[in-house]
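Here the structure is laid out as structure tokens; the discussion comes afterwards.
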Amino acid sequence: MKSFIVLAATILAVSALSLHEQWADFKVKHGKSYKNIAEETARFEIFQQTLKKIEEHNAKYEAGLSSFWMGVTKFADMTSEEFQAMMSKQIISMPKIEGERHVPFEVEPEEIDWREKGAVLEVKDQGQCGSCWAFSTTGSLEGQNAIINGKNITLSEQQLVDCSGSYGNGGCNGGAMVYGLEYVRDHGIESEDSYPYEAKQGDCKADPNKSVLKIKSFKLVDVSTEALKNAVGTVGPISVGLSSSGLQNYAGGIIDQNCQGQVDHAVLAVGYGESPLPYWIIKNSWGKGWGENGFFRLARANNLCTISNTMAVYPILE
Ligand SMILES: *[C@@H]1O[C@H](CO)[C@@H](O)[C@H](O)[C@H]1NC(C)=O
Ligand SMILES: *[C@@H]1O[C@H](CO)[C@@H](O)[C@H](O)[C@H]1NC(C)=O
């Protein structure tokens, strides 16, 4: 009996210690600092609730009841309400833009992964700036530049953040990919190297002489899973918006449950597959350390997380 109590106490001490260790690791890894003890205590409390949520979900995953697993992400110290409130500032609204539409002109392949074809450049990190729309825009531009021109040039989100305000974009407070593409149609876009990312809005420093890519126009993709699949399969990486609530604690696998809330995050659809269930492959802008090396997969059935909506668009190069 006595040895049992000692053992139980030891296990408790070990798990309590590892909880604090996990918290310390989390803070270091994501550069977290809190303004006072009260704030840190509250955040630690939320972190522990997140760990519980992760554990519960992963038990479902282990039991074969879910096709994705969760882990500690940089958002582990936020409640789901806080996460959604932060994300809801990212996309201004569904843009009401008339334009050319994607018309399927050939049958798409069964499966495609544009990463294998050199059309998906490095994963970036938007940081503390609601500029997902700019990363989604550069993603489809980089893809077409790779596929059509054979060029591997990472493009400037900062230029879009600083310079496309008059097109309807809000810098770090959200925007829309069509507005970004309208700006690029009129002004071209510089490379990441010539106009590097700063994660905050500043004065426009664009130099038209440094533009490395010009576009003629863009095409909007109809609001349907079939249209989006055809566009991804036959054109290349497509800029899309979706509801992001399912991404907060995502660590890998295929998200197979619907997201709460409206479309609030812009990303890049870079492919799709069939096994063990039909899914999209999506590039995010939360760094390489998030999800599956910066990517995630989302089940394709039932327009999950509203991925097919009026935001899906791709550029037509000049
Ligand atoms: C693009 O170039 C960079 C730097 O040389 C390289 O690391 C990366 O793998 C290239 N990407 C593609 C898709 O070819
Ligand atoms: C762009 O190049 C032209 C012609 O060389 C030059 O006159 C102009 O000053 C340059 N613009 C900027 C912003 O440097």
Side-chain angles (χ1 to χ4, degrees), residues 29 102 106 108-127 129 131-161 177 180-181 184 188-199 206-207 209-216 218-219 221 228-240 242 247 250 252 254 265-274 279-298 307 312-318:
K29 185 168 175 201
H102 170 74
E106 57 177 305
E108 72 275 8
E110 272 292 293
E111 302 193 306
I112 195 152
D113 184 347
W114 286 103
R115 293 175 297 186
E116 293 166 357
K117 299 174 187 301
V120 183
L121 305 193
E122 62 177 344
V123 170
K124 307 178 199 182
D125 190 346
Q126 69 188 81
C129 167
S131 53
C132 56
W133 59 273
F135 287 83
S136 174
T137 307
T138 55
S140 58
L141 288 163
E142 289 166 355
Q144 291 305 297
N145 202 22
I147 293 165
I148 293 171
N149 298 330
K151 293 212 171 126
N152 170 356
I153 306 176
T154 166
L155 299 170
S156 174
E157 293 78 26
Q158 193 61 43
Q159 183 179 358
L160 299 175
V161 167
M177 295 79 90
L181 291 174
V184 174
I189 187 162
E190 295 180 33
S191 69
E192 194 82 58
D193 287 345
S194 85
Y195 203 144
Y197 190 60
E198 292 176 43
D207 176 350
N209 294 347
K210 291 187 186 159
S211 163
V212 291
L213 181 66
K214 291 190 160 65
I215 66 169
K216 196 163 62 189
F218 50 81
K219 283 192 180 173
V221 180
L228 185 58
K229 182 171 177 240
N230 184 268
V232 174
T234 61
V235 175
I238 305 292
S239 297
V240 294
L242 47 66
L247 305 182
Y250 172 84
I254 301 171
H265 189 42
V267 288
L268 189 71
V270 301
Y272 52 81
E274 287 290 335
Y279 60 86
W280 299 110
I281 307 166
I282 302 172
K283 184 190 187 193
N284 203 352
S285 50
W286 293 348
K288 292 186 190 77
W290 179 87
E292 299 183 323
N293 300 315
F295 295 81
F296 64 102
R297 287 176 292 159
L298 175 67
I307 185 175
V313 66
Y314 63 87
I316 306 295
L317 302 195
E318 203 165 65

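Ligands are counted one by one from 1 in listed order, and the atoms in each one are counted from 1 as well. For clarity, every value in this text was computed on a predicted model and none was experimentally measured.
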To the nearest 0.5 angstrom, please state how far the CG atom of Leu242 sits from the CH2 atom of Trp280.
->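 Here the rounded value is 11.0 Å.
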Using atom types as modelled, flag every donor-acceptor pair under 3.5 Å from a side chain in residues 143-153 to any protein atom, sequence neighbours excluded.
| from | atom 1 | to | atom 2 | distance (Å) |
| --- | --- | --- | --- | --- |
| Gln144 | NE2 | Val235 | O | 3.0 |
| Asn145 | OD1 | Asn149 | ND2 | 2.7 |

Residue shell for ligand 1, any heavy atom closer than 4.0 Å, reads Gly118, Val120, Leu121, Asn152
Look at the rings of Trp290 and Tyr250 and say which category their plane angle falls in: under 30° parallel, 30 to 60° tilted, over 60° perpendicular.
->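 Correct class here is tilted.
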By side chain to side chain donor-acceptor pair (under 3.5 Å) - contacts of Gln159 (at least two apart) | Tyr183
Taking only residues two or more places apart in sequence, or in another chain, which ones meet Pro109 in a side chain to side chain contact (heavy atoms under 4.5 Å, CB included)?
->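 Pro109 satisfies side chain to side chain contact (heavy atoms under 4.5 Å, CB included) with Ile112, Tyr272 only.
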Would you mind checking if Glu190 and Lys210 are paired as a salt bridge, meaning a charged N to carboxylate O distance below 4.0 Å?
-> no
